[in-house]
Amino acid sequence: MWSQRSFVDYSLQRRATLSALFQGGALTTDVCDADPYLLRAAKFHGEPTEATCPVCRKEKLTHVTYVFGDELGPYSGRIKATKELEPMAREHGEFRVYVVEVCQGCAWNYLTVSYVLGDGVPRTSGRRARRAAEE
Ligand SMILES: [Zn+2]
């Protein structure tokens, strides 16, 4: 299996956000603000979980996984399935993964974890490699 680096767990912030919500310190509209794009992404590209939405307690949460990195070029910011990450980690030196949980019922959304994947060997972009060869 691949190794995850620079792992960040946002569960403490998530819990604080939820307790603020339940204590009246935040409005549902502040936290249940998934935009139509994210809701559509959850519907078509999301991965179902067994966790129930902490806000509406009706729907199961869906995970949407984004990848970001300079090496990814136009693929930076795309949604990936979890099973696509391991081959990607072998092909790239470094990119960051963000996992967002989304409720398709009430539009609750929260970044749950992020981490870095890749084999640690920086890749030269195709354009830069060509330019170096011409010089
Ligand atoms: Zn919900």
Side-chain angles (χ1 to χ4, degrees):
M1 283 300 275
W2 68 72
S3 63
Q4 299 176 345
R5 306 192 294 280
S6 309
F7 191 92
V8 186
D9 183 346
Y10 298 94
S11 57
L12 281 178
Q13 292 95 316
R14 178 183 182 274
R15 210 171 305 150
T17 301
L18 285 168
S19 63
L21 175 69
F22 297 136
Q23 286 159 18
L27 295 171
T28 318
T29 47
D30 290 338
V31 295
C32 297
D33 60 351
D35 62 37
Y37 177 79
L38 181 57
L39 289 174
R40 208 160 40 228
K43 186 174 179 186
F44 293 110
H45 306 289
E47 295 173 87
T49 73
E50 282 306 306
T52 304
C53 173
V55 179
C56 69
R57 298 175 198 273
K58 286 180 201 142
E59 304 283 332
K60 294 268 195 263
L61 294 170
T62 305
H63 278 172
V64 182
T65 303
Y66 292 91
V67 291
F68 284 90
D70 291 341
E71 278 181 24
L72 305 180
Y75 296 98
S76 183
R78 295 269 178 101
I79 294 165
K80 292 284 167 191
T82 303
K83 63 174 166 34
E84 295 178 274
L85 296 176
E86 191 178 348
M88 273 188 77
R90 279 195 228 100
E91 282 170 33
H92 296 281
E94 186 172 296
F95 62 93
R96 187 163 270 278
V97 178
Y98 294 89
V99 181
V100 179
E101 64 177 30
V102 181
C103 172
Q104 297 179 60
C106 72
W108 156 260
N109 62 109
Y110 210 83
L111 174 64
T112 57
V113 294
S114 82
Y115 52 87
V116 170
L117 288 179
D119 61 11
V121 182
R123 304 296 196 273
T124 327
S125 78
R127 206 187 317 147
R128 211 183 304 156
R130 266 199 305 281
R131 205 186 308 135
E134 284 165 11
E135 281 167 1

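Read the numbers this way: they start at 1 and go in the same order the structure lists the ligands and their atoms.
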| For Gly73, does its backbone N or O pair with a side-chain atom of Ser76 as donor and acceptor, under 3.5 Å? | no
| query | So what's near the Zn ion (ligand 1), protein N, O or S atoms under 2.8 Å? | reply | Cys53 SG, Cys56 SG, Cys103 SG, Cys106 SG
| Looking just at side-chain N and O atoms, do Glu101 and Thr49 make a donor-acceptor pair shorter than 3.5 Å? | no
| request: Just say parallel, tilted or perpendicular for the rings of Phe7 and Tyr115, cut-offs at 30° and 60°. | output: parallel
| query | Can Arg57 be said to sit on top of Phe22's aromatic six-ring, NZ or CZ under 6.0 Å from centre and within 45° of the ring axis? | reply | yes
| message | I'd like to know whether the aromatic ring centres of Tyr10 and Tyr110 sit less than 6.0 Å apart in this structure. | response | no
| field | Residue pair Val121 / Arg123: nearest heavy atoms and the distance that separates them | value | O-NH1, 2.5 Å
